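FYI, side chains are in, hydrogens and waters are out, and symmetry mates aren't considered; it's all heavy atoms of this structure. All residue numbers in this chain count up from 1 along the given sequence. Everything numeric here is computed off the predicted structure, so don't read it as measured data.
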Amino acid sequence: MLVYSLRALSRYITHKSTNSTPRLPLEGSIDLTYRCNNACRHCWLWLPESAPERERELSFDEIRRIADEARTMGCRRWLISGGEPILRPDFPEIFDYLTSHSAGYSLNTNGTLITPAIAQAMRRKGSKMVALYGATAEVYDHVTRHPGGFEMAMRGFAYLKEAGAGFIVQLIPMRDNWHQWDQMIALAKSLSPAWRVGAAWLFKSASGSEVRNREIESQRLSAADVVALDPPVDSPCEGSPPADDCLFTACIERSAFHIDPYGGMSFCSQIKDPALRFDLRRGTFAHAWDKFLPSLAGQVRGGDEYLEGCGACTLRGDCRWCGVYARLETGRYSARVPYLCSIAREARNFRMNWETQHKRHYQIAGLTVTVESDLPITDATFGSKFDCFRVAEPGADVVSIHHHFEMPEFDRSNLGHLVYRKAPWAIYREGESWIYLGISPELDDPALHVAAVFNSTHTRGQIYHPSKSQYEKGDLQALTMFPTDQIVLARVLAGREGFFLHSSGAVMDGRGLLFVGHSEAGKSTTAGLLAGHAEILCDDRNVVRRDGGAWRVYGSWSHGQLPVVSAASAPLRGLFFLRKSTENRLTAVTDRREMLDTLLGCVIRPLATRDWWEKTLALLDSLAREVPCYVMEFDKSGAIMPEIERLVPTL
């Protein structure tokens, strides 16, 4: 499983959709060398330290010139890798220049050549991924064929920790270290609070060496192990084959590029065909990006082999196949790869199992709330009140939440802008993401009850719990496992012309009625009086939403004293402001200010940001203008019912 800081996780759930975006080279990856002081058994690129290819590697001045040209065209982030990038004597200068002239960076290294000075430089904010090939010197040195390599790597980790340079331990899985995988995870956790699993499937050699390829094949994990390490939970693989036979069109349209150690630029780091790489020593970055790369879109076509093979395969949505992988595997861009076929079959089985055992869909107010959990979801997991809201398939408008049961480590001093802090919540805004921390009322208590990261619209969230005990008890009363789901749903509804209202809702003769008031106003009493005369939606909190210019009321699962809920909805025809009295009568309200004040006092408020208030105030104003409002004075005798029944046909 992947484990990151909450700040890092926010990058993975933030996604902004637009109808069209300019093609800009926002992210560049550069391999500084393919030489390495390790000689790993799985490596597809390796060259020895003294390989003659080092004479062809880009100089620092050349790299600086290329980086400057890329930056003028929009490049804001660099991924620095190899080989082993720190093997180059001028690595400190290259690293400083690339990272100081970009908004972010990522570095891949085996860590064995890190010095105290390099560790200090790596304190610069960015992602540092340091590979770990085994939990002991015996296994690590065997995999890397580098006697003493484990000791050097541990020293590199120590230098980073001493310098305070945060880093991610990247575990590299293969057959020869698989027997101590759990030990590798334990070691990674002891080295850093952040760790991740590297690619669980292996490329064959870029050189095409049969000897190297046989060794790489021998290190590949089984399909079941690959899927267990990288489960296809949230979406189909990004590498899913294209629908037509232009194999690389989608890759070229991305805002990313790659530069090899010799100045060859292409759209993918695995592309080694010289015909698909532009020589930046002979031309400009602008020409490579604007002219050369787009010209490749139709150059590599799969033809019948692809269209009748991978292109027509029913497992396509679960497959990691891509033309580059196929070329490395078979020498042909269009060929199927049996190893990936076996992984795709395993992934499909996993996904089907996940859909039935780890995912549920619930419909409320036109929204589908899709709940996923790392632990199985049973019929006893959530309270019975959710049963009538459950649906078999998601609708068009989905709010997705995923429960995890291990709390990630993170630096609380570096979470972005603090928007709100009052127990039980501390809420931060980091870029386009929202971070929620469930905090203790005791200021000196560092414990977290829950942590969550949501995207900008609150339609997608990852929720982390420190233990699984509450979940395993079952009968959960909120799908989010928060005190109430309205913390999230009220935010989502505001963008869809909707809100929650303190109210008792009912449907009488096809007309939706809302009886509005706070606690003790008599909402549950009203619901009891209406029982037998109307369908009760919910006696405490209902959803009001404008759809196509017309107002509707929807039931919710947030009931009060009366445990009766309904997923039904109806056109909203009347609002009744509750007042306990010895009289029983309905009085029309004509003062719009009075209507607004009452509605404003009863609207459910999540994190009430400016944009939420603006949307909700406009909705309340329209509601007060368009839906008849009444003051309902009543007692518990039921004498108010004839008044309601006489009024309803006129609404």
Shortest non-hydrogen contact between Ala223 and Ser342, atoms and distance: CB-O, 3.5 Å

Leu98 side chain near Ile30 side chain, heavy-atom distance below 4.5 Å: yes

Nearest heavy atoms of Ile435 and Glu430, plus distance in Å: CD1-CB, 4.2 Å

Verdict with supporting geometry, Leu107 and Phe167, side-chain contact (heavy atoms from CB on, under 4.5 Å): CA-CA 10 Å; Leu107 172 69; Phe167 58 91; over 6 Å; no

Donor-acceptor under 3.5 Å (His358 side chain, Ser373 main chain): yes

Phe157 to Ala131 - nearest heavy-atom pair and separation: CZ-O, 4.2 Å

For residues 44-53, please give each side-chain donor-acceptor pair under 3.5 Å, one per line with the distance, not counting sequence neighbours.
residue, atom, partner, partner atom, Å
Trp46, NE1, Cys36, O, 3.4
Trp46, NE1, Asn38, O, 2.6

Distance (rounded to the nearest 0.5 Å) between His402 NE2 and Tyr464 OH: 8.5 Å

Check: Asp318 side chain, Ala344 main-chain N or O, donor-acceptor pair, under 3.5 Å: no

Check: Arg124/Thr99 side-chain N/O donor and acceptor closer than 3.5 Å: yes

Val139 vs Phe150, side-chain contact (heavy atoms from CB on, under 4.5 Å): CA-CA, chis, key distance, verdict: CA-CA 9 Å; Val139 172; Phe150 181 77; over 6 Å; no

Heavy-atom check, side chain of Asn213 versus side chain of Glu329, under 4.5 Å: no

Whether Tyr436 and Trp425 hold their rings parallel, tilted or perpendicular, with breakpoints at 30° and 60°: perpendicular

Partner set under ring-ring contact (aromatic ring centres under 6.0 Å, His included) for Tyr133, not counting sequence neighbours: His42, Tyr140

Spacing of Ser400 atom OG and Asn455 atom CG [to the nearest 0.5 Å]: 9.5 Å

Side chain Arg76, main chain Arg71, donor-acceptor under 3.5 Å: yes

Ser209 and Ser207: side chain donor to acceptor below 3.5 Å: no

Derivation of the side-chain contact (heavy atoms from CB on, under 4.5 Å) call for Gln219 and Ile216: CA-CA 5 Å; Gln219 293 300 325; Ile216 290 170; 5.8 Å; no

Ala326 versus Ala335, closest heavy-atom pair with distance: CB-O, 3.3 Å

Aromatic centroids of Phe257 and Trp78 separated by under 6.0 Å: yes

Residue pair Arg88 / Arg35, side-chain heavy-atom distance below 4.5 Å: yes

Check: Ser255 side chain, Leu24 main-chain N or O, donor-acceptor pair, under 3.5 Å: yes

Minimum-distance pair of heavy atoms, taken over all atoms of Ser205 and Leu328: O-CD2, 4.1 Å

Mutual orientation of the aromatic rings belonging to Trp181 and Trp178 [parallel < 30°, tilted 30-60°, perpendicular > 60°]: tilted

Asp176 to His179 - nearest heavy-atom pair and separation: O-CE1, 3.3 Å

Asp230 side chain reached by Val197 side chain, heavy atoms, under 4.5 Å: no

Beyond-backbone contact of Val227 with Pro232, side-chain heavy atoms, under 4.5 angstrom: yes

Beyond-backbone contact of His449 with Ser440, side-chain heavy atoms, under 4.5 angstrom: yes

Donor-acceptor under 3.5 Å (Arg41 side chain, His142 main chain): yes

Main-chain N/O of Phe285 paired to Glu69 side chain as donor or acceptor, under 3.5 Å: yes

Geometric class of the Phe267/Phe248 ring pair [parallel <30°, tilted 30-60°, perpendicular >60°]: tilted

Euclidean distance, Tyr105 OH relative to Ser100 OG, rounded to 0.5 Å: 11.0 Å

Backbone of Glu93 reached by a side-chain donor or acceptor of Asp96 within 3.5 Å: no

Between Thr112 and Asn110, a side-chain donor and acceptor under 3.5 Å: yes

Flag for Asp31-His258: side-chain donor and acceptor within less than 3.5 Å: yes

SB check Asp279 Arg281 (cutoff 4.0 Å): no

Aromatic ring pairing Phe278/Phe292, orientation class (parallel under 30°, perpendicular over 60°, tilted between): tilted

Straight-line distance of Lys161 NZ to Ser192 OG, nearest 0.5 Å: 8.0 Å

Side-chain heavy atoms of Ile118 within contact of Phe95, under 4.5 Å: no

Arg196-Gln170 side chain donor-acceptor pair, cut-off 3.5 Å: yes

Flag, side chain of Arg23 to backbone of Trp289, donor-acceptor distance under 3.5 Å: yes

Close side-chain approach of Glu217 to Leu202, heavy-atom, < 4.5 Å: no

Stepwise side-chain contact (heavy atoms from CB on, under 4.5 Å) test for Arg277 and Asp273: CA-CA 7 Å; Arg277 301 198 77 87; Asp273 185 347; over 6 Å; no

Side-chain donor or acceptor of Lys128 paired with backbone N/O of Met122 under 3.5 Å: yes

Carboxylate-amine/guanidinium contact Arg65 Asp68, below 4.0 Å: no

Test item: side-chain donor near acceptor, Thr109 and Glu84, under 3.5 Å: yes

Residues which pass ring-ring contact (aromatic ring centres under 6.0 Å, His included) with Tyr339, listed by chain and number, not counting sequence neighbours: none

Donor-acceptor contact present, side-chain Glu62 to main-chain Ser59, <3.5 Å: yes

Nearest-0.5 Å distance, CD of residue Glu162 to CZ of residue Arg155: 11.5 Å

CG-CD1 distance between Leu58 and Ile66, expressed to the nearest 0.5 angstrom: 5.0 Å

